[in-house]
Amino acid sequence: MGVFNDHELQRIQKAVEAAEKFTSGEIRICVEQSCKIPVLDRAVAYFKELGMDKTVLKNGVLIYIAIKDHQFAIIGDAGINQVTPENFWDNTKDAMLREFKSGNMVEGIITGVELAGEQLKTFFPFQDGDINELPDTVIFRDGN
């Protein structure tokens, strides 16, 4: 897709790996050029397609970004939604948006990952025997 170079992709993946060291939660990043449906609907569809609803504790988080449309969403699975306040992701979204508006796409994603990890460790701390249930790599989709 050519959105990020190899170094940037490695930085994002390392941020996911670092965030997941302190939580049993799973964080994924999905990027596409364009989103022709409501951004939350798109994020929910990818959440299911990527198997994020299959984690043991229902504590997966997806950060979805449509580059050309300047849209993004953060969604969490049922386990997260049951224990967190309704506006749980607002501060994370705001911090990401500040970076995006400054032209810092990679920093915005890393900020989102770091903040998601910090918040997840409060409700879903790392447990002995915890395994990484989902890959940490960035997922690219073609869009529609």
Practice task
With rounding to the nearest 0.5 Å, note down the distance linking NZ in Lys93 to CZ in Arg98.
Solution key: 14.0 Å
Exercise for the section: Return yes when atom CG of Asp6 has more than 12 non-hydrogen atoms of other residues, nucleotides or ligands closer than 6.0 Å, and no otherwise. Expected result: no
Practice task
Only one of Ile80, Ile63, Asp94 passes side-chain contact (heavy atoms from CB on, under 4.5 Å) with Trp89; say which it is.
Solution key: Ile80
Practice task
Measure across Tyr64 and Cys35 and return the closest heavy-atom pair with its distance rounded to 0.1 Å.
Solution key: OH-CB, 3.2 Å
Problem - Phe88, CZ atom: more than 12 neighbouring heavy atoms under 6.0 Å - result: yes
Exercise for the section: Give the ring-plane orientation class for Phe4 versus Phe140, where under 30° counts as parallel, over 60° as perpendicular and anything between as tilted. Expected result: tilted
Exercise for the section: Taking all non-hydrogen atoms of both residues into account, name the closest pair between Met52 and Val61 and its distance. Expected result: CE-O, 3.0 Å
Problem - Side chain Asn87, main chain Asp90, donor-acceptor under 3.5 Å - result: no
Handout entry: Smallest separation among heavy atoms of Ala73 and Leu40, with atom names
Key = CB-CD2, 3.7 Å
Under 3.5 Å, side-chain donor or acceptor atoms of residues 120-129 against the rest of the protein: list the pairs with distances, not counting sequence neighbours.
none

Practice task
Dump the intermediate steps for side chain to side chain contact (heavy atoms under 4.5 Å, CB included) on Asn59 and Asp77, then the final yes or no.
Solution key: CA-CA 5 Å; Asn59 59 356; Asp77 205 350; 5.9 Å; no
Practice task
Would you name the heavy atoms of Leu134 and Leu50 that are closest together and state the gap between them?
Solution key: CD2-O, 4.1 Å
Exercise for the section: Would you mind checking if Lys68 and Glu32 are paired as a salt bridge, meaning a charged N to carboxylate O distance below 4.0 Å? Expected result: no
Practice task
Locate the shortest heavy-atom distance separating Cys30 from Arg141; write the atom from each residue and the value.
Solution key: SG-CG, 3.9 Å
Practice task
Check Lys21, Lys14, Gln13 against Glu17 for a side-chain hydrogen bond (donor to acceptor under 3.5 Å, both in side chains) and give me the one that passes.
Solution key: Gln13
Practice task
Output the distance between atom CZ (Arg42) and atom CG (Leu62), rounded to the nearest 0.5 Å.
Solution key: 11.5 Å
Completion exercise
Taken to the nearest 0.5 Å, the spacing of Ile139 CD1 from Glu49 CD works out to 9.5 Å
Practice task
Nearest 0.5 Å please: distance from the CD1 atom of Ile110 over to the CD1 atom of Ile29.
Solution key: 9.5 Å
Practice task
Answer yes or no: is there a side-chain heavy-atom contact under 4.5 Å between Leu115 and Asn91?
Solution key: no
Fill in the blank from the handout: d(Thr92 OG1, Gln119 CD) to nearest 0.5 Å is 3.5 Å
Practice task
Please answer whether the main-chain N or O of Lys36 pairs with a side-chain N or O of Asp69 as donor and acceptor at a distance below 3.5 Å.
Solution key: no
Handout entry: Ser102 side chain to Asn104 backbone, donor-acceptor under 3.5 Å
Key = no
Handout entry: Side chain Glu114, main chain Thr111, donor-acceptor under 3.5 Å
Key = no
Exercise for the section: Answer yes or no: is there an ion pair linking Arg11 with Glu107, defined by an N-O contact shorter than 4.0 Å? Expected result: yes
Practice task
State, to 0.1 Å, how close Arg28 and Thr137 come at their nearest heavy-atom pair, and which atoms those are.
Solution key: NH2-O, 3.8 Å
Practice task
Evaluate the salt bridge (charged side-chain N to carboxylate O under 4.0 Å, His left out) criterion for residues Glu133 and Lys54: first the C-alpha distance (whole Å), next the side-chain angles of each, then the deciding distance (0.1 Å), finally the verdict.
Solution key: CA-CA 9 Å; Glu133 296 178 77; Lys54 307 259 190 271; over 6 Å; no
Fill in the blank from the handout: Value for CD1 (Ile74) from CD1 (Ile65), rounded to nearest 0.5 Å, stands at 9.0 Å
